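Below, read A as the first sequence line, B as the second, and so on, with proteins coming before strands; counting in each chain starts at 1. Here the structure is a predicted model, which is why all the values come from computation and not from measurement.
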Amino acid sequence: MQRIGVFICWCGSNISATVDVVKVAEVIKNEPGVVYSANYQYMCSENGQQLIKQAIKEHNLTGVVIGSCSPRMHEATFRKAAEEAGLNPYMVEVANIREHCSWIHKDMDEATEKALILVRTAIAKVKLNAPLTAGESPVIKRALVIGGGIAGIQAALDIADAGFEVDIVEKNATIGGRMAQLDKTFPTLDCSACILTPKMVDCAQHEKIDILSYSEVEEVKGFVGNFSVKIRRKARYVDETKCTGCKVCMDKCPSKKGLNTFNMGLNTRPAIHIPFAQAIPNVAVIDPEQCIKLKTGKCGICQKFCGVGAIDYEQKDSFIERQYGAIVVATGFKPIELDAFNEYGYNDNKDVITSLELERLMNAAGPTNGVLLRPSDGEHPKVITFIQCVGSRDTSGCGKPYCSKICCMYTAKHAMLIREKYPDTEVHVFYIDVRTPGKNYDEFFRRAVEQYGVDYIKGMVGKVYNENGKLMVQGSNLIDNEQVTIESDLVVLAAAIEPEPSVRKVATLLTASIDTNNFLTESHAKLRPVESPTAGVYLAGVCQGPKDIPETVSQASACAAKVIGLLVKDKLKTNPCVATPDESMCNGCSQCANVCAYGAITYVDKEFRLGGGKTEIRRVASVNPAVCQGCGACTVTCPSGAMDLKGFSSKQIMSEVEAICKK
Amino acid sequence: MTKEERIENLKTLSGTDVRKCMKCGKCSGRCPAFKDMDIKPHQFVSMLEKGKIEELLECKAIWNCLSCMACVERCPRGVAPAAVVEAVRSTVVRAQGKNGLKAEDIPPIVDELIPQQLLVSAYRKYNK
Amino acid sequence: MQEVTTEKKEFTPNIVAFCCNWCSYAGADLAGSSRLTYPANVKIIRVPCSCRVNPSFVLKAFQQGADGVILCGCHPGDCHYVTGNYYTRRRMSLLFSFLNYMGIEKERTRVEWVSAAEGQRFSAVMNDFVKTVTELGENKRLTDLRVKEGE
Amino acid sequence: MKDVELKMLERAKALLESGEVARVIGWKKGDFCYDPSPASFETVEELNGFVYDWFCGANLSKYLIEMSKKEGKTAVFLKPCDTYSFNQLVKEHRIKRENVHVIAVECLAKLDIEKIKAKGVSMVTGVEVIGKEVKVTTAYGEETLKKPEVILTKCETCQKTHQVKDEEIILHDRPERDVDRFAEVAKLEAMTADERFAFWREQLSKCIRCNACRNVCPACSCVKCVFDNPASGIAAKANDDKFEEQLFHIIRAFHVAGRCTDCGECSRVCPQNIPLHLLNRKFIKDIDGLYGEYQAGETADGKTPLTSYAEADAEPNDVMKGEAK
Amino acid sequence: MFKIAKERLNELYAKINGQMGLFIPVKKAGEVNYEVWREGKEVSLETLKTVKSPKNMFFPQTENMMKFKTEGKNLEIIDVRGEKRPFVLFGVKACDYKAIEVLDKVFLADPVDTYYQSRRNATTIVTLACSKPEESCFCSVFGIDATAPQGDVTTWLDGENLYWQANTEKGETLTALVKDLFAEGGEAEVEAQQTATKTIIDSLPFANLDLSKFKPENLNELFNAAEWQEMSEACLGCGTCTFVCPTCQCFDIRDFKTNEGVIRYRCWDSCMYSDFTLMAHGNSRTTQMQRFRQRFMHKLVYYPSQNDGLYSCVGCGRCVNKCPQRLNIVKVIKTLGGKDND
């Protein structure tokens, strides 16, 4: 006979304000099988857990139901408490009477009634629960970092410093990412390259770090502790081991008209090139779309001039397969395309540029060697107008609904730097709100206004148009309730940022969930912000949500800490809620294996007794519990119902259905 | 009708959710008739939200609005200031109990140079 | 034969929602923490993935007196288990089309993709579903008469 | 027909005599001219009762699940429609292909004695088919019936051809047939939901849950049926006119969806003549329409429509609105 | 003896229905089964064999036995046996009437099955003589006269009239209720029909089945007969034969959960099923051959040995018609019954 204990949590007033918790606990006492029922202010607290543990011991409970917040929140907490009291942790069920009840219903009677149903449903389930024991699987002590920007670099360095092997897979020819493109960084205005490049060098020199540049993740198999990853090493047509980075080839290459993507296309570069001076690895790469030899078969000049014979036109994409225990995703971001915002004239006017283009224009290593010259005619712009929130906070469908978070600060930085370097320049900033949460951020912004005299205009630009060679920026000045038109020489758009598009493929390969804006979803917004819901996958940087450099670096280090925490373990407990076939009913029809995304199901021939001394050999399914992730796809495919899912068995769900339908 | 009902009525008539406005002023930034409007497009939205409808119902801007819909087109939040203007205008026109313009009053041959949009606006403005 | 009831007074439908743990259940949690209301007669059963939902669960719910059954999962392509919801999509397309073929009102069954970030959508979907089923009235075609009458 | 039967008998004898096969699965003569039973013949003597006539409608493929486990090879006579079931069972690893010798036999449709009796013809003692006519001899005299009116329902829309054959016995060409097998389904689809419900309610209320449809179905080859499995939560036995038949038939149709070869055995064996094939055909029609034409049992490998997917698959809600395809 | 014109039968049904329930063969969705009579339903007395036999009226396919009402930890047991409204079972053929006798011996023997009994007591059975037996009929083998069935009332139907003869007190009571619709007479017509029908019956293909071997003393020999294997080879293990059989009486008892508690009901079960009489250790009969043998041994040997030689087959021939694979009791009788079958 089941002995079930029910614990109803008040969650302070979060639950008790709309659910009569005392009544629920009272009424539930009469449910068949329930031998103990209690209510308490905070079940998740030390005292609350103590209450549960005590009751388990005193009343010999065989099952526990907790009416509280979402099981996604505290199921693990309560399971642990049960385990400490000697009850199998999987004999605990949580009825979600907060998120699914008290928080959404206003009428007390109604909410109480529903809470009762939800608790009864959990009781119905727990009655059919079986004790489950987690299995074990070994941990491969090597990490993969996808993306070689500041997030990836930081994570890799931290993990490597703890003594674990790390591979960085970077799709571009060099690591460094977006940060390498920046000029100065807010709020300290230190030079981006000065703080980033030493870290890049550290990576290159770290004995535990292997940089796989110009490479992409092609296939991911396995699971936490045991990932097997196939990596495509794209053909760069230059032997990485031979190239010394002397750049002779770049001088000799006759095809010099390729857009310099590192400089946001503001100038050109040769077909064979090293993206920028401090690139890591400092190895050339040939753009096959641009190279005359690769396109027509004629040329071969770089090969002639290469002193070390590093050029190899025959190079093909190659693949390597490596095993990892953990994966960090740090795929970064890109500014959005501005085609949908023709009111700002970005496509029509050379002198309407994005902030990232401005970074390059102001960078000493940029196309203008750090002198601010406008792209159209190379003149010094005298009036510069910044427009913020271009495509951010836009629910009209053209842009992104979220705040890109970094624009307010970098615009203040740009405005300040321009006013400092070129004091005769007039700088206007159209803004909706200036958002500066962060240490020394608001002070920084105020300096731009107060010390540098940047003209901040509260209002949005309605139109940018060309009139007599001037850019006319027409917008609102809401404070003065007027419409202003500013005759400008240069217009800078703070374009919204979005996750690097390749993240979708990466997410699919990793089976990591992704939100509607293509940001990777974290396991918990507050409590597990760097973990993906897919075990063993961690998130660093903008791939998870907009953030600036300090935040990115913190998150990367946090990731590293999580990865290290995983890799120091020799074995991992596996999820015991896995599929399991009843061999006596299995037909061996292979339908379940057909729908298993993890290849967890194989078939074996097994002997069965038929009675009367006869036996027969039958093919039956067998599930590898370390590989099975417990989705249940196989259970529905199985016509005989032989395949079931532990923890979510058909009978359990059926009895939940029965209980929940009961009015 | 109480004031609250009239406010509600205007909101319903406009069909736009004024609470979605994030007060960026892009509508007024783009408005080609800005100078002639005593109440600016963004104010239409904000004043309706705040319930200041008397001023709206007495303003001249409803007759100066070109109904060009630039404000609607530009709004990053999917709010339609012109629809608020329209709602106020029709409320005023209905209160006056007359139709300003009848189809038969339009000259039989319309100057080809008159932009189509103007005609549409004129209908929208005067013919209720 | 049982006719659809025309009496709609005070009828509150009994709705069962199967939500996948990773997206939709989390979406429902988000709806909760955002205080986005939906009727109390929507009751959620947590499953690891929408692909765990066996047609027999759906039928069982109807048999036991549910007036509407809705399945919620991650958006196609976003399944935590890679492909689970793709199977759900085929299975439920076919099952619901089949129920319709058997004369079960098609408005009683629904599949919606709700991500963990779509608390708003979860609440909107539930409100809409409740509205639809309320207009439809009581489920008489699939309920086992014994359940309601206790006969 | 007699010539085919003789040829079959000849082959069966040869195969048994030579020891190539240990048994032959075919049909055995019954008490009347219209009730042959499936049977296994292990010796030449046993072949005395062998018959292949206009009433050998039963699908023999399912018997091979057990027979192919036995020692020695099993020869089996398969009609075109049976070969699809055979393939499907091989695909599902239920039949050991290497233990079976498939003899493809011609089929020019099979007759339905119930349909003949329903024409008011009783005490049937013999039939002869000449072209599109069926001459029925009875204790009371002779009757001539139109063949298309008295063939098994499953034969009415059959366009199947042999998918498997180790050898074949085909002496006559089958006349071309151009029938839309989904016409009946489409007719039901065109009805209102109320009408459809009334139709199925009336049909299914006859169900006596004898499980003949399930037990004869080659796709229902489970070692233990989910309805006999207490762990499934839907285990049930006979139940009348409440909900169980619907539950049973819906689940059964769903379980065989994508695997049902449309062999029509379910409708043939139903003692209450419920048109059960129209349930399975709905799934087939939907699958064809939504995911591309698919014929279960055409091959003995590959995934079924329900164990595969495409990213661009229709959304369930669009399917319900009738907007997908 | 009374008679009533065929065209006026609906008046008769309506009249009976006004007084008590009337169950009668009705055609629905192409098949004829016993149903409650209602104006407008298509009655089909001519149908020789309803799919389900009239046993369904006393021993329904499913029947609620009791309810358990639960409230919290309290459990209340509710008896659902109520007074049964009297009803008339109309059109029962001789074989099916004999089958009721077979069932009575099971259900009305000590301990009495009160569910069955209350229905049985509430019924007036009106039988109908056969006039057009078909080739699957073999009731005569079991000594049944298809032309003169018993019952509370016996009726005969020809092209013009239904002829009515009350046999019992219950029959007289019913007759009194509807007598004003009747005219006297019909003895001659009935006798003519009986003579004609008997000739057909004698010439039926199964008229001379030999049952001589099916005796208790041959039990072991029959049980161990090698032929069972071959006979059962094609058996699908479905329950068609059982469920269309007028004498099969096995049932299973199951529980069904409702909003208020649990309903305990019984439903037909078949010894042909693999999970029949499933016990903790498994099934007592593990192969289809054993299950197949059980069914026919029960009909032809076990039951008669306990009931003074009364076979629990009445020769209705439903299994002959309905078995999907054309296996049936006739084939068993021919194989094991006795020398005269050859």
Item to check | Contact origin within E:Ile200 toward chain D - heavy atom pairs under 4.5 Å | outcome: side chain
Checklist entry - Under 3.5 Å, side chain of E:Gln61 to main-chain N/O of D:Ile208, donor-acceptor pair present? => result yes
Checklist entry - Can any side-chain N or O of D:Lys237 pair as donor or acceptor with the backbone N or O of E:Asp269 at less than 3.5 Å? => result no
Checklist entry - Of the backbone (N, CA, C, O) and the side chain (C-beta and beyond), which part of D:Ile113 lies under 4.5 Å from a heavy atom of chain E, both, or neither? => result side chain
Checklist entry - D:Met123 and E:Pro133: which non-hydrogen atoms are nearest, and at how many Å? => result CE-O, 4.2 Å
Next on the checklist: Can you tell me which portion of D:Pro275 sits under 4.5 Å from chain E's heavy atoms? Options are side chain, backbone, both or neither.
Outcome noted: neither
Checklist entry - Under a 4.5 Å cut-off applied to non-hydrogen side-chain atoms, are D:Ser37 and E:Lys331 in contact? => result yes
Checklist outcome for this item: In terms of heavy-atom contacts, D:Ser205 and E:Lys28 come closest through OG-NZ, 2.8 Å
Checklist outcome for this item: Rounded to the nearest 0.5 Å, the CD atom of E:Glu134 sits from the NZ atom of D:Lys117 at a distance of 4.0 Å
Checklist entry - If you count heavy-atom pairs under 4.5 Å between each of E:Leu204, E:Thr242, E:Asp275 and chain D, which one has the most? => result E:Asp275
Checklist entry - For D:Phe41, is it the side chain, the backbone, both or neither that has a heavy atom under 4.5 Å from a heavy atom of chain E? => result neither
Item to check | Qualifying residues under salt bridge (Lys or Arg N to Asp or Glu O under 4.0 Å), relative to E:Arg293, sequence neighbours excluded | outcome: none
Checklist entry - For chain E, which residues from residues 21-34 of chain D lie under 4.5 Å away (heavy-atom distances)? => result D:Lys28, D:Gly30, D:Asp31, D:Phe32, D:Tyr34
Checklist entry - Could you give the distance from OG1 (D:Thr125) to CD (E:Glu135), rounded to the nearest 0.5 Å? => result 9.0 Å
May I have the list of side-chain donor-acceptor pairs in residues 212-224 of chain D shorter than 3.5 Å, sequence neighbours left out?
from     : atom 1 : to       : atom 2 : distance (Å)
D:Arg214 : NH2    : D:Asp228 : OD2    : 3.3
D:Asn215 : ND2    : E:Leu236 : O      : 3.1
D:Asn215 : ND2    : E:Gly237 : O      : 2.7
D:Ser221 : OG     : D:Arg94  : NE     : 3.1

Checklist entry - In terms of heavy-atom proximity below 4.5 Å to chain D, should E:Val320 be classed as side chain, backbone, both, or neither? => result side chain
Item to check | Closest contact, heavy atoms only, E:Val51 versus D:Pro271 | outcome: CG1-O, 3.6 Å
Checklist entry - Where does E:Asn328 contact chain D at under 4.5 Å (heavy atoms): side chain, backbone, both or neither? => result side chain
Item to check | E:Lys41 atom NZ, over 12 foreign heavy atoms within 6.0 Å | outcome: yes
Checklist outcome for this item: When the 4.5 angstrom heavy-atom criterion is applied to E:Thr240 and chain D, the contacting part is both
Checklist entry - Side chain, backbone, both or neither: which part of D:Glu46 has a non-hydrogen atom closer than 4.5 Å to chain E? => result neither
Checklist entry - Residue by residue, which of residues 56-75 of chain D have a heavy atom closer than 4.5 Å to a heavy atom belonging to chain E? => result D:Ala58, D:Tyr63, D:Met67, D:Lys70
Checklist entry - Is it the backbone or the side chain of E:Tyr273 that comes under 4.5 Å from a heavy atom of chain D, or both, or neither? => result side chain
Checklist entry - What distance do D:Arg209 atom CZ and E:Trp268 atom CH2 have between them, rounded to the nearest 0.5 Å? => result 13.5 Å
Checklist entry - Backbone N or O of E:Ala29 within a donor-acceptor pair of the D:Lys206 side chain at under 3.5 Å? => result yes
